[in-house]
**Q** 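Before I ask anything, let me first share the structure, which is written out below as structure tokens.
Values below: every heavy atom of this structure, side chains too, minus hydrogens, waters and symmetry copies.
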Amino acid sequence: MVNAFNSTPIRALIVEDNRDICENIAAYLEKHHYILDFAYDGISAMHLALTNPFDVIVLDLMLPGMDGLRFCQKLRTDAEVETPVLMLTARDTLADKLKGFEAGADDYLVKPFALQELHARLQALHKRSHGKTDNQLTVGDLTMNRATLQVHRAGRLVDLTPACMKLLQRLMEAAPSVVSREDLETVLWADERPDGDALRSHLYKLRQAIDRSFATPLIHTVHRIGYRIAED
């Protein structure tokens with residue numbers, strides 16, 4: 001039986017100036033419940049990478065504005081962003097691959113490529129990056145164990161509905177970044193979103209469980225954008 005909480009969508013940024021390749025990637029990965037954003041040049045990609053909580057980045061090397069190597073270097077050294085990066089390029093020599101890894105890439109896939117392999121590599125990157133904390137997510141005095149799905153605040157066990165558990169996991173994985181309403185709706189309902197504002201109801205229940213009995217609220221509304229979880 002598949003654990004419903006392990007099917008949380010992966011949010012990926014695809015940085016590629018070939019629109020046909022982007023369409024092929026989108027058609028395949030969206031069937032596997034990815035949430036995708038696209039950038040067609042390095043400068044736009046940098047803006048998206050710094051303002052959104054992506055789980056993985058697929059990065060072409062030959063880009064207008066800022067090439068992939070420079071993008072990766074700036075992401076790692078200037079912005080100190082550790083989001084896993086898979087470089088996707090036609091450059092297939094050992095020297096090219098070494099340059100990619102030196103720039104901060106986590107994996108390297110040569111064009112032409114199989115979409116199944118791209119998917120498998122992204123899954124592996126996502127799993128490795130989220131395994132660094134031994135399944136433990138922590139924000140202030142709030143903890144979640146992704147393996148046991150137990151949530152504690154200040155040492156007290158918190159009882160959550162399945163929907164609230166999914167929302168909390170997404171917020172804690174992105175913390176302290178903002179998660180958009182659209183992202184949270186996709187976590188709960190994928191492409192079959194209900195009428196009305198059902199998300200607000202679930203977030204109210206989550207806040208009641210997480211914040212009501214404590215002096216410091218952790219869940220914050222970012223007006224017209226989404227929600228974040230943080231101590232401040």
Side-chain angles (χ1 to χ4, degrees), residues 7-76 78-79 81-93 95-127 129 170 174 177-187 189-193 224-226:
S7 61
T8 301
I10 295 175
R11 183 164 188 182
L13 173 62
I14 311 299
V15 188
E16 168 64 66
D17 63 339
N18 186 312
R19 304 295 178 109
D20 291 335
I21 291 177
C22 288
E23 289 178 4
N24 289 336
I25 291 174
Y28 187 85
L29 292 184
E30 285 175 352
K31 292 179 182 178
H32 292 82
H33 309 296
Y34 282 69
I35 301 169
L36 301 177
D37 282 310
F38 292 88
Y40 307 107
D41 63 82
I43 295 173
S44 298
M46 184 62 69
H47 173 73
L48 286 172
L50 297 182
T51 56
N52 294 274
F54 293 107
D55 297 311
V56 290
I57 297 173
V58 177
L59 177 66
D60 186 26
L61 284 186
M62 300 297 290
L63 293 168
M66 180 193 307
D67 67 32
L69 288 176
R70 181 62 178 153
F71 169 90
C72 201
Q73 290 168 345
K74 289 179 68 67
L75 190 73
R76 298 295 192 230
D78 296 350
V81 172
E82 297 183 358
T83 304
V85 173
L86 184 149
M87 284 191 172
L88 191 65
T89 177
R91 297 179 180 178
D92 60 355
T93 68
D96 288 324
K97 293 178 182 179
L98 292 177
K99 287 179 182 178
F101 289 123
E102 288 170 2
D106 298 276
D107 201 355
Y108 201 104
L109 185 59
V110 177
K111 299 176 181 177
F113 59 93
L115 291 166
Q116 294 92 330
E117 182 177 2
L118 173 64
H119 171 50
R121 287 172 179 262
L122 293 180
Q123 294 275 49
L125 285 176
H126 180 253
K127 184 176 181 180
S129 68
R170 183 60 184 165
S177 299
V178 179
V179 182
S180 70
R181 288 180 55 86
E182 293 77 10
D183 192 330
L184 293 175
E185 288 173 347
T186 302
V187 166
W189 302 293
D191 294 328
E192 299 179 0
R193 298 174 186 175
R224 295 186 177 180
I225 300 177

**Q** By the side-chain hydrogen bond (donor to acceptor under 3.5 Å, both in side chains) test, which pairs, at least two apart or in different chains, include something from residues 61-70?
**A** none

**Q** Can you check whether Lys31 reaches His119 side chain to side chain, under 4.5 Å on heavy atoms?
**A** no

**Q** List the atom of Pro53, the atom of Ala174, and the distance in Å for their closest heavy-atom pair.
**A** CB-CB, 3.6 Å

**Q** Tell me, please, which residues at least two apart from Phe38 pass ring-ring contact (aromatic ring centres under 6.0 Å, His included).
**A** none

**Q** Can you measure from CG (Leu48) to CD1 (Ile14) and round to the nearest 0.5 angstrom?
**A** 11.5 Å

**Q** Sequence neighbours excluded and cut-off under 3.5 Å, please list the side-chain donor-acceptor pairs for residues 96-105, or say none.
**A**
| residue | atom | partner | partner atom | Å |
| --- | --- | --- | --- | --- |
| Asp96 | OD2 | Thr93 | OG1 | 2.8 |

**Q** Check Leu63, Leu59, Asp60 against Glu16 for a side-chain contact (heavy atoms from CB on, under 4.5 Å) and give me the one that passes.
**A** Asp60

**Q** For Glu23, enumerate each residue passing the side-chain contact (heavy atoms from CB on, under 4.5 Å) test, keeping only those at least two apart in sequence or located in another chain.
**A** Asp20

**Q** Without swapping roles, check the side chain of Arg181 against the backbone of Ile225 for a donor-acceptor pair under 3.5 Å.
**A** no

**Q** For Asp107, give me all partners under side-chain contact (heavy atoms from CB on, under 4.5 Å), at least two apart in sequence or on another chain.
**A** Leu86, Arg121, Leu125

**Q** Closest approach of Leu36 and Ala26, non-hydrogen atoms and distance?
**A** CD1-CA, 3.6 Å

**Q** Is Leu115 close to Ile25 at the side-chain level, that is, under 4.5 Å between some pair of heavy atoms?
**A** yes

**Q** When you compare the side chain of Gln123 with that of Ile10, does any pair of heavy atoms fall below 4.5 Å?
**A** yes

**Q** Search all heavy atoms of Arg91 against all heavy atoms of Leu61 and return the closest pair with its distance.
**A** CD-CD1, 3.8 Å

**Q** Return the minimal non-hydrogen interatomic distance between Leu88 and Lys111, and the atom names on each side.
**A** O-CE, 3.8 Å

**Q** Which heavy atom in Val110 sits nearest to a heavy atom in Phe113, and how many Å separate them?
**A** O-CB, 3.6 Å

**Q** State, with a plain yes or no, whether a side-chain heavy atom of Phe71 is found less than 4.5 Å away from one of Leu69.
**A** no

**Q** Any chance you could measure Ile35, atom CD1, to Asp55, atom CG, to the nearest 0.5 Å?
**A** 8.0 Å

**Q** Tell me if a side-chain donor or acceptor on Asp37 pairs with a main-chain N or O of Leu13 at a distance below 3.5 Å.
**A** no

**Q** Please report the shortest heavy-atom distance between Leu118 and Val58, naming the atom on each side.
**A** CD1-CG2, 4.3 Å

**Q** Donor-acceptor pair, distance only, cut-off 3.5 Å: does the side chain of Asn52 make one with the backbone of Phe54?
**A** no

**Q** Hey, could you give me the CZ/CG distance between Arg11 and Asp183, rounded to the nearest 0.5 Å?
**A** 5.0 Å

**Q** Please identify each residue that fulfils ring-ring contact (aromatic ring centres under 6.0 Å, His included) with Tyr28, with sequence neighbours left out.
**A** His32

**Q** Checking Met46 against Leu75 for the side-chain contact (heavy atoms from CB on, under 4.5 Å) test, could you report, in this order, the C-alpha distance in whole Å, the side-chain angles of both residues, the deciding distance, and whether it holds?
**A** CA-CA 7 Å; Met46 184 62 69; Leu75 190 73; 4.2 Å; yes

